[in-house]
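All remarks here apply to the structure that follows.
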Amino acid sequence: KTEDKKLGGVNIHLCFSPQGGVDNEVSLTAYIAIALLEIPLPVTHSVVRNALFCLETATDEKVNHVYTKALMAYTFALAGKEEKRKALLGSLEKEAVKKDGSVHWQRPGKEPEVDLPYYRYRAPSAEVEMTAYVLLAYLTTQPAPSQEELSFASLIAKWISSQQNPNGGFSSTQVSCFPPATSHTNVRRWEVSDPQVG
């Protein structure tokens, strides 16, 4: 899908195919804001500031899709907007699927997975992506994630790790690009080496 958008007075031509099943301006704005903040552009840059204003307005709407909330949580984490980050993570935690000592998110209305012997279920790439964005939102905070956040993040990383294919990759190239810091092993290492731990 290609389209022209205007963000902060700048024309942007996009070739965009979202995997999350969410195709709206809020998600698109979050994707752009994430990319700009990861460059890193400062939050005072006019395009970033306008994108964050749009997203802050959208968080007041209670009908946001879980994938959109995951994107917004990570965007606010990158922007250092701790209150918005925590509010979205709190909302996301209520929608989390907690199973077998791990945590993940799935799209609303999804059929429950069938538990068959000798079959390892792999979630659709959109669910792996949104779960990875939530993990990044938990790990991206200043000065550092709390021990409670790290413990919860390790449950998320456990589920993401279980979704790897036999070659170590994921069905989504977007998830394969997430930083190594999101792996279960690195989250556990960070948790153990956290100076807050006595």
Side-chain angles (χ1 to χ4, degrees), residues 1-3 5 7 12 14-38 48 51-79 81 83-99 102-113 121-141 149 152-153 155-165 169-179 181-183:
K1 173 181 175 180
T2 64
E3 61 184 274
K5 290 282 184 182
L7 183 63
I12 302 172
L14 299 166
C15 178
F16 185 65
S17 177
Q19 294 293 311
V22 177
D23 188 10
N24 62 43
E25 289 185 4
V26 176
S27 297
L28 184 57
T29 301
Y31 276 122
I32 292 169
I34 288 167
L36 295 175
L37 289 165
E38 285 180 340
V48 175
L52 291 172
F53 176 76
C54 172
L55 296 175
E56 286 172 356
T57 303
T59 57
D60 298 334
E61 299 170 17
K62 302 298 179 202
V63 293
N64 282 314
H65 187 281
V66 66
Y67 193 95
T68 305
K69 285 188 210 176
L71 288 172
M72 290 194 304
Y74 182 48
T75 305
F76 289 130
L78 287 170
K81 297 196 173 278
E83 281 184 38
K84 294 285 186 185
R85 171 191 164 271
K86 284 186 176 183
L88 284 162
L89 289 176
S91 173
L92 284 162
E93 191 171 343
K94 293 174 187 169
E95 298 179 65
V97 177
K98 298 172 184 175
K99 182 179 173 188
S102 68
V103 177
H104 71 280
W105 285 262
Q106 60 189 33
R107 293 169 291 180
K110 180 187 171 241
E111 294 290 320
E113 54 192 72
Y121 173 77
R122 292 215 198 290
S125 61
E127 293 175 12
V128 179
E129 287 174 22
M130 82 173 103
T131 299
Y133 278 114
V134 175
L135 176 58
L136 287 171
Y138 269 99
L139 297 177
T140 307
T141 182
E149 289 174 322
F152 195 73
L155 300 176
I156 299 168
K158 179 181 177 184
W159 184 84
I160 292 172
S161 295
S162 75
Q163 297 303 308
Q164 287 181 294
N165 64 35
F170 295 91
S171 60
S172 166
T173 56
Q174 194 166 338
V175 175
S176 298
C177 296
F178 277 97
T182 61
S183 76

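- When the options Arg107, Glu129, Gln106 are evaluated for a side-chain hydrogen bond (donor to acceptor under 3.5 Å, both in side chains) with Tyr67, the one that passes is Glu129.
- Closest heavy-atom contact between Val26 and Met72: CG1-SD, 3.8 Å.
- Side-chain atoms of Arg122 come within 3.5 Å of backbone N or O of Gln164 as a donor-acceptor pair.
- Only one option out of Val103, Val97, Val128 pairs with Trp159 in a side-chain contact (heavy atoms from CB on, under 4.5 Å); it is Val128.
- Closest approach of Ala153 to Tyr138, counting heavy atoms only: CB-CB, 4.3 Å.
- For Glu38, the side-chain hydrogen bond (donor to acceptor under 3.5 Å, both in side chains) criterion is met by Tyr74, not counting sequence neighbours.
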Derivation of the side chain to side chain contact (heavy atoms under 4.5 Å, CB included) call for Ile34 and Tyr133: CA-CA 11 Å; Ile34 288 167; Tyr133 278 114; 4.0 Å; yes
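- A heavy-atom distance below 4.5 Å is found between the side chains of Phe76 and Glu56.
- Between the side chain of Thr131 and the backbone N or O of Trp105, at least one donor-acceptor pair lies under 3.5 Å.
- Atom NZ of residue Lys84 and atom CG of residue Leu52 lie 11.0 Å apart, to the nearest 0.5 angstrom.
- Between the CG atom of Leu92 and the CG atom of Leu88 there is a distance of 6.5 Å, given to the nearest 0.5 Å.
- Minimum heavy-atom separation, Ala137 to Ala77: O-CB, 3.9 Å.
- Closest non-hydrogen pair, Arg85 versus Thr140, comes out as NE-O, 3.6 Å.
- Of all non-hydrogen atoms in Ile160 and Ala132, the two that sit nearest each other are CD1-CA, 3.6 Å.
- The pair Glu93-Lys98 meets the salt-bridge criterion, since a charged nitrogen lies less than 4.0 angstrom from a carboxylate oxygen.
- By the 4.5 Å heavy-atom criterion applied to side chains, His104 and Gln163 are not counted as neighbours.
- Shortest non-hydrogen contact noted between Met130 and Val66 is SD-CG1, 3.5 Å.
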